[in-house]
Structure formats: structure tokens, C-alpha cells
Amino acid sequence: MSGSRSAKDFFRPLAVGAPAPLTEIPARPSRAIHFFDPSNPKMAAKIPDMVGKVDVLLGNLEDAIKADNKTAAREGLVTIAQETDFGPTQLWTRINSLDSPWVLDDLTTLVPAIGDKLDVIMVPKVQGAEDIHYVDRLLAQLEAKAGLGRPILIHAILETARGVANVEEICAASPRMQGLSLGPADLAADRRMKTTRVGGGHPGYLVRQDPPKNELGVADINATRTTYQQDLWHYTIARMVDACAMNGIYPYYGPFGDIADEVACEDQFRNAFLLGCVGTWSLHPKQIAIANRVFSPSVEDVAHARRVAAAMGDGTGAVMLDGKMEDDASLKQCLVMVELAEQLAAIDPELKAQYDAIEVGA
Ligand code: GLV
Ligand code: MG
């Protein structure tokens, strides 16, 4: 691609003394990215108790934090990070957007103070590779100055029309790229979609069954016809999944704003999981349970996947199981499930017990 670094330079640090970029992004479980407001003392007080109970805790500095609280949120995050041992739980932050008056202070404060604790920095409203290049270089300079031993990764929120148009180049812009989240609220506004919600569907976005024909063979357009609500986010999620997969990074759903509607939240999360996403955001503790349930393969799927793997032996050829043909390609799908189950079992004892209880050959 014109303007990109040559293959041999791509993994060189962008500042003298900065840690070497990773050549592979580790697949750390991140089913729920739980957002908290570090300027809210009540929320901050709950963080130590959440360690080990959620895959990712994210100190939010951007939207939903009032302008008057931006400094308090940044300082609150520093204090929480310094005082908390996060154990197996990752610590992420969402910085302010690159055109805001706060983002430079966000980065120059957080990296020296808590860069050793921060796993991933989520960058909102990313428009193109140039946004990633800016943060990439700045992080390298700050990491070198702070003497950090490992690079902080970047996660981009896809929430502008231009960002979606540039999604492949965004994913490929830096070895720091860890993944993408959908930002349905900002994206809807930027695209001038006619919705007023944060994520989820809309009853007006539907397809309707054809009219039945009457005895004369004439279409009866007044007959009752079934409608099926469609997924507003299918196109964007599908593009994100392909862009992430081709670059070895991870796609996520994003916020689901109707906290009370746990059923629709679960459906939306599951669509994303089935299409290839590895996790989602949680805006309320009860969404953590939904995300953990949805983004962990079911015991039935893991049992089936292991059975196919056992039956396929060296992985070539085809076998019949329960009347269905299994071959190299269905085995590969099953191995995705088995691998994910192993990664999750390593950090989630409850899941491990469930997966371990599956009988071999069951
Ligand atoms: C998230 O940031 C969104 O805009 O949906
Ligand atoms: Mg947004």
C-alpha cells in the first residue's frame, strides 16, 4: 500500500528506546469490556471487587464523562490503576477523541503514570490510518521516556462513515492494533441514520412476506403478512470481522444502551458472536453476565466440536456423523470453538468445570 512502511521496518519501534512491537496479538479473553467512570467515587470504589469477575475493566474518559469531569476522570483512573492489583483482568481506557482539547493530556498523563498497568488504549472516532499513526508514534515516544518494557496496544472504535470506508487500512496501520469495536451511536449520527438509540435494532427496519394470492391468483396486499425485523448493524459488523481477521486482530460489538432489555441485548450480542466477534461492551454490571454467557461457546458446541475433531483423525478426508458430512473445513470451524473454549477455561473456573465434564465421545 502506498505510504505504508516497508515490511522490514514495520516491526521496528517508532522511537529510540521504545519496546519492540508485538508480531502477534495475544488472544486474551475479553468477552465483556466493562466501562466505568473513574470520576465517580461510587463506581471507582467497586472496581477492586470486580477484578477477576470480568475480563476487561475500562476507565472511560470520553463520551458520557461531562466536560467538567474530564480531569477528575483522568486523575481518578491514575489513582485506581496505581492502587489496584488487576490480576487476570485487563485494564483498558478509552481516551478522548483526537480532535478534543483533552486527548494530549490523557496520553501524556496516563502513559508515564500507569503505562505499566494499561493493556489497551481505545481510540474513539478513528477516521483512517493517519489517526492510528499519530497515536502509534506518540505512544512510542512516551513509552521510551517512561522506560516501559512492553507496548501498549491500540483498539479503534469504528463510528464514522469514513472510518468504515477505511476499515482495512485502520486495522493494518500498526502492529499495535489489537482490535475494533462498533460504535453504533456515533456511527448512526455520522451516517445520518434515522435512529435515536444506542445500538440494537429498530422495528421499522424490516422485510415483509409477499402478499398471498387469492383464489383468482391475484395478490391480496391487505392480507396479514409476517414481517421480520432486520439487523441494522449486519453490514458494518461483517466488514469489521473480515478486516480484523485478515490482520490478525479482534472484532467486538459495542454498547447496547437499553439496559433493561436483556433479551434484545443478548440477541444482538449473539449475532455478533456468531459472525466472528470475540466480545462486547458492558455498560451495566448485568451486561457482564450476558456477555460472558454469549461469548463463551456452549457446552453442546464444545462437545460437538471435540467429537468432530476426534472423528477426523489427521484432519483430512471426510466422515459422516449423525447423517452429516464433516470434512477439513467443518473441522477447522470446530477447532476455532475448541481453542476458544481452552482459552476461556484457563481463566474461568466455572466454565472449565463445565467443559471438563463433557464426556469423551459423548
Ligand atoms: C460508542 O462510542 C458509540 O458511539 O456507540
Ligand atoms: Mg461513540
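Every number for a ligand or one of its atoms is a count from 1 in the order of the listing. The figures that follow rest on heavy atoms only: side chains count, while hydrogens, waters and symmetry mates do not. Numbers for residues simply follow the sequence, beginning at 1.
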Quick note on ligand 1: atoms under 4.0 Å from a heavy atom of Asp186 include exactly 3 (C), 4 (O), 5 (O)
Identify the protein heavy atom lying closest to atom 5 (O) of ligand 1, giving its residue, its atom name and the separation to 0.1 Å.
-> Ala185 N, 2.8 Å
From the options Phe35, Tyr253, Phe295, Trp92, select the one residue that forms a ring-ring contact (aromatic ring centres under 6.0 Å, His included) with Trp281.
-> Phe35
With a 3.5 Å cut-off and no angle check, do the side chains of His133 and Ser174 form a donor-acceptor pair?
-> no
Contact check: Arg94 vs ligand 1, nitrogen or oxygen atoms, below 3.5 angstrom = yes
Out of curiosity, is Pro184 lining ligand 1, as in a heavy atom under 4.0 Å away?
-> yes
Glu159, any N or O under 3.5 Å of ligand 1 N or O | yes
From the Mg ion (ligand 2) out to just under 2.8 Å, does an N/O/S atom of Glu62 turn up?
-> no
State, without any angle test, whether Thr236 and Arg191 hold a side-chain donor-acceptor pair at a distance under 3.5 Å.
-> yes
Establish, from distance only, whether the side-chain atoms of Tyr252 and Ser30 form a donor-acceptor pair under 3.5 Å.
-> yes
Quick one: does Gly254 get a heavy atom under 4.0 Å from ligand 1?
-> no
Whether Ser298 side chain and Asp301 backbone form a donor-acceptor pair below 3.5 Å = yes
Residue Leu274 excluded, over 12 heavy atoms near CG under 6.0 Å = yes
Would you say Asp186 has an N, O or S atom lying under 2.8 Å from the Mg ion (ligand 2)?
-> yes
